[in-house]
Amino acid sequence: MSESRATPDRITVVPVTESRTPERRSSTLAGRLARLGFTDAARAEWLLRDAERGAGPPPGTDLLDALGGTADPDLALDGLLRLYAAADEQGEGTELRAALAAEPGTRDRLTAVLGVSAALGDHLARHPGHWRVLRESWAPPAAGPRDELLAAVGADPADAEPVARADDALVALRVAYRRRLLALAGRDLIGAADVAAVAAELADLAAAALEAGLAVARASVPEYGTCRLAVIGMGKCGARELNYVSDVDVVFVAEARDEHDEDAALRTATRLASAMMRACSASTEEGALWEVDAALRPEGKAGPLVRTLASHRAYYERWAKTWEFQALLKARPVAGDAELGARYLDMITPVVWRAAEGESFVEDVQAMRHRVETELNRRTAEAERQLKLGPGGLRDVEFSVQLLQLVHGRADEALRARATLDALAALSQGGYVGRDDAAALASAYRFLRRVEHLVQLHRLRRTHLVPDDADGLRRLGRALGLRTDPVGEFTALWRRHAREVRRIHEKLFYRPLLRAVARLPGEEARLTPEAARTRLEALGYADPAGALRHIEALTAGVSRRAAIQRTLLPVMLGWFADAPDPDAGLLGFRQVSDALGTTPWYLRLLRDEVTVAERMAWVLGSSRYATDLLLRAPEAVALLGGDEDDLRPRPGPALSAEALAAARRHAEGGRPAEEAVGVVRGLRRRELFRVAVADLLGLVDVRTVGDALTGIATATIEAALHTAVHKIELESRGPLPTRLAIVAMGRFGGHELGYGSDADVMFVHEPLPGADEAAAGRAAHAVAEELRRLLALPAPDPPLVIDPNLRPEGRQGPLVRTLASYAAYYARWSEPWEAQALLRADPMIGDPELRERFRALIDPVRWPEGGISDDAVRQIRRLKARMESERLPRGVERRLHTKLGPGGLADVEWVAQLLQLQHAHEVPGLRTTRTLDALDAAVEARLLDAGDAEVLAESWCLATRIRGALMLVRGRASDLLPTDHHKERSAVTRVLGYPGTGDLLEDYRRCTRRARAVVDRVFYGAD
């Protein structure tokens, strides 16, 4: 008996002891083969035993290990044994076995090829001598594939003479082509060449085959010398990113040579082109190379196969469709007349880079991609396995890159690369695609192309489908180095890449900024100084020179930041011009950009989310107030990226909870009170910006703005109060000896605050049981003063002035009173106007029980049983009349004063308040601090005509909107509708949505005139 024992170079036969049976010997080898990855270990063992009995020794240990490390060990063993047999027949077996035993590199290349490609295994069985191109020492001829393939078909690379025997030449071409393909696959499959290098070499090999095919074609076209013919590679061949098996897309251009007739020359060129296509695609005993596809030519298959340069130019300038320009991105002369090919490229390049300026260019490309996906989705099973056309496939990467190239490449020549990975790298370098997105796309693209190559290598067939059988998936996974669970790991990796590609594709390919950039004329997209100055003047910038300085500052240099700005600004200049003040918008944009510096998310957000950039342009070009807020907290730009719901004001309770939590954290952490309130004021700044943006974008109405601003003020004061109490308690080393509440008054209490409103308040306290009243009063006063101090500290946000002057006795009275003191005052001294002021009192902050007790105290005062007396009504009317005559600033147009002018805010509010004083005791709906709610309740109680209430509400809302717009536009409060400052008045008009300043003025005068008539009748009792 004997057994098989492994040695470094072969398996030899040695004696076995009595205890080693044949069955044991067999199971040992089969077990080893199974562990190496053979799926049919018994069959593999039988083949090895058969080889042992045959002409030569079977594989040695190292070679057996190499076979086990391949994608498909069973396939590799079959191919190796067939190669041995063929090599032995030709007397080359000994050399082959010796090389595999002594040359690890040769062994790795050969087994890797045999374990992936059954087709190349067949080729080696037919041409066993070709194994030598897989040797470590083998190097391709220095002349390159063109000369090698021309020599193979019997053509002299130095001239254009036709080959003598076309049939033999076609076979020789295929043999030489596959020999070269085998050498490339060997390097590819062991990782000695990356995907991009492999694809480029495949494209060069295809170009060489086309050149050789053209030499073969000349044998069948004797008059070939009358014409010049250039072959233009398109698609992956043109881009030097070809697959192992793919149609080779070409376009033919020809012209007559010397004085020959052009029509006759074109006919000859057409015959020559047709013969060249057949030379590559015809079936022979060595099979075919691939189809040569000329369908990308003008008019497609319906158009002539060959055209002159002039005919090409005429077609592309007049008739070409969007997709044809996209195809031309990759055009490259690959064979035939090099000089003519170069002229074709010179002619077509400017046309390609003007294509994106066509009407609906971006939309056309997007629609074409959508049609392809829709068609593919009809074949559901295939769609799920598609590497090329399916969701998250190669086309998603390629279309995204090509669309970005065509739109931005007009202005940036660095983007004019043919190959996808090169173009993607340029787009990332130029800031058109985020680094992370570009890296993810490049990684996925390499993976998908690698898988595509592996799928095609198996049978050398044109396919883009992932196998649907376990063996095929296992082979792919193992070829990619996955060993633990090749099928599961491969599937998970593939799906992860596909999901990431799809996500990024949808972000980039449907990026709205592309449409805006594409609509810009080429010169404007380049943003040269001359083009920028011309465009700034045309767009209506008041100071083009100043604007140009901002542009130059933003775009200067070679940084990524400057590159992204060069992409954004051509579009944003137009958006700034659509705003009321383009110059201020551009200045604000520069200031915000400078403030955020190299913050990574900022420019990425503007580039990728066009809504953010467009909103930002409108906000900065409309509002000094919002711009100042943004400059003080530039990170608030991120708010512009939300949907409309994110921009709408947040509920007051949520703000209060956040502000109090921040104040408590600082207090418990022992931080200074100033720092705690600084954090709260930062929150206020952010929320003011949110409200201002929502207002400027028309997402909120007057009531919502007033409520939101009141909620922000409440949250701020509440947190500041908590901080002040904590500080006073620390200083006094004990808890506060009193309970404290803050009563909102005026517009604050009415939940009608404006952007520039003070917070009118009253402070009330009540000593705790057993506490010294004087000490409690001092403590309450200290808290109130500390609160005012903290909120008055200099800070980068609009001030929140705490105004306590509506308290009893005004400035002469104590800042803080006890509940009992308020009760005594209102019982003895209260005037009608003070009861009227209490109509808007809302105890909103501080101790909940004290707030309710204060409310119970003032309700009988402001809503007196039986209403107010006639004398009190007369006092209120006299006070209103005196206010109209005395409080209006001198020299102003009183009809344009939104607060005190006729039909303005005060008129409407005093009507509502008089009705409340008279009837709230019997009409619960009137017991509200809000003006519009009081008018609604008066209508419901039949105390006010519905038409009159509508007139009053319309005037009040318009006046409130105008005051808000004035603050937003100017950045400072005003009650006067502007008349003489054209830019300011125009800006207010635009912010309010009016087409012209005259329309706003006319509308305001109409509203206030009608409102004043109601006031005279309802408030003053005029007939």
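Starting from 1, each residue takes its place in the sequence as its number.
When all heavy atoms are compared, the tightest approach of Ile232 to Pro333 is CD1-CA, 4.0 Å. Closest approach of Ala176 and Leu149 over heavy atoms only: CB-CD2, 3.6 Å. Between Asp396 and Gly390 the shortest heavy-atom distance is OD2-O, 4.1 Å. Considering every non-hydrogen atom in both Ala335 and Leu210, the closest pair reads CB-CB, 4.1 Å. Taking all atoms of both residues into account, the shortest heavy-atom contact from Leu150 to Ala215 is CD2-CB, 3.9 Å. Of all the heavy atoms in Gly341 and Ala230, the pair that sits closest is N-CB, 3.6 Å.
Arg297 has its side chain out of reach of Pro304: every pair of non-hydrogen atoms, C-beta onward, lies at least 4.5 Å apart.
Note on Asp65 versus Arg107: no salt bridge recorded, every NZ/NE/NH1/NH2 to OD/OE distance being 4.0 Å or above. Of the charged side-chain nitrogens involved, at least one lies within less than 4.0 Å of a carboxylate oxygen, so that Glu103 and Arg135 count as a salt-bridged pair. The pair Lys236-Asp249 does not meet the salt-bridge criterion, since no charged nitrogen lies less than 4.0 angstrom from a carboxylate oxygen.
Although no hydrogens or angles enter the test, the distance criterion places no donor-acceptor pair under 3.5 Å between the side chain of Ser117 and the main chain of Leu114. When atom types are taken as modelled, the side chain of Ser220 and the backbone of Ala217 share a donor-acceptor pair closer than 3.5 angstrom. Under the 3.5 Å distance criterion, the side-chain polar atoms of Thr106 are matched with a main-chain donor or acceptor of Glu136.
By the salt bridge (charged side-chain N to carboxylate O under 4.0 Å, His left out) test, Arg495 pairs with no residue at all, sequence neighbours left out. Taking the salt bridge (charged side-chain N to carboxylate O under 4.0 Å, His left out) definition, one finds that Glu255 meets it with Arg228, Arg343, sequence neighbours left out. Every residue meeting the side chain to side chain contact (heavy atoms under 4.5 Å, CB included) condition with Gln326, not counting sequence neighbours, appears here in chain and number order: Val365, Met368, Phe399, Gln402, Leu406. Residues satisfying the side chain to side chain contact (heavy atoms under 4.5 Å, CB included) criterion with Ala479, sequence neighbours excluded, are Ala71, Val116, Leu454. Applying the side chain to side chain contact (heavy atoms under 4.5 Å, CB included) criterion to Arg178, with sequence neighbours excluded, gives His123, Arg174, Leu460. A search for salt bridge (charged side-chain N to carboxylate O under 4.0 Å, His left out) contacts involving Glu500 returns Arg503, not counting sequence neighbours. Shown here are the ring pair (Phe, Tyr, Trp, His ring centres under 6.0 Å) partners of Tyr344, two or more places apart in sequence or in another chain: His312.
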Apply side chain to side chain contact (heavy atoms under 4.5 Å, CB included) to residues Leu289 and Val248 and explain how you reach the verdict. CA-CA 10 Å; Leu289 292 181; Val248 173; over 6 Å; no

Please assess Leu33 against Leu48 for the test side chain to side chain contact (heavy atoms under 4.5 Å, CB included), listing each intermediate value before the final yes or no. CA-CA 11 Å; Leu33 292 171; Leu48 289 169; 4.0 Å; yes

Check step by step if salt bridge (Lys or Arg N to Asp or Glu O under 4.0 Å) holds for Arg180 and Asp204. CA-CA 11 Å; Arg180 192 86 181 206; Asp204 292 344; over 6 Å; no

Please lay out, stage by stage, how Leu465 and Gln386 fare under the test side chain to side chain contact (heavy atoms under 4.5 Å, CB included). CA-CA 5 Å; Leu465 296 178; Gln386 263 281 354; 3.9 Å; yes

Output, in order, the C-alpha distance, side-chain angles, deciding distance and verdict of side chain to side chain contact (heavy atoms under 4.5 Å, CB included) for Leu473 and Val466. CA-CA 8 Å; Leu473 290 171; Val466 172; 3.5 Å; yes

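Applying the ring pair (Phe, Tyr, Trp, His ring centres under 6.0 Å) test to residues at least two apart or on different chains, the pairs with a partner in residues 449-478 are Tyr244-His453. For the salt bridge (charged side-chain N to carboxylate O under 4.0 Å, His left out) condition, the pairs that include at least one residue of residues 465-479, sequence neighbours left out, are Arg385-Asp468. Within the structure, salt bridge (charged side-chain N to carboxylate O under 4.0 Å, His left out) contacts touching residues 266-280 (residues at least two apart or in different chains) are Glu223-Arg271. The salt bridge (charged side-chain N to carboxylate O under 4.0 Å, His left out) analysis of residues 284-296, with sequence neighbours excluded, yields the pairs Arg126-Glu286.
Atom CD of Glu339 sits in a crowded spot, with more than 12 heavy atoms from other residues, nucleotides or ligands closer than 6.0 Å. In the displayed structure, Gln429 atom CD is contacted under 6.0 Å by at most 12 heavy atoms of other residues, nucleotides or ligands.
Under the side-chain contact (heavy atoms from CB on, under 4.5 Å) test applied with Arg450, the options Val198, Val195, Asp194 reduce to a single match, Val195.
Between Phe325 and Tyr316, the ring-plane angle classifies as tilted under the 30° and 60° cut-offs.
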Would you mind writing out the side-chain donor-acceptor pairs for residues 439-447 within the sub-3.5 Å range, not counting sequence neighbours?
from: Tyr445; atom 1: OH; to: Glu398; atom 2: OE2; distance (Å): 3.1
from: Tyr445; atom 1: OH; to: Arg449; atom 2: NH1; distance (Å): 3.2

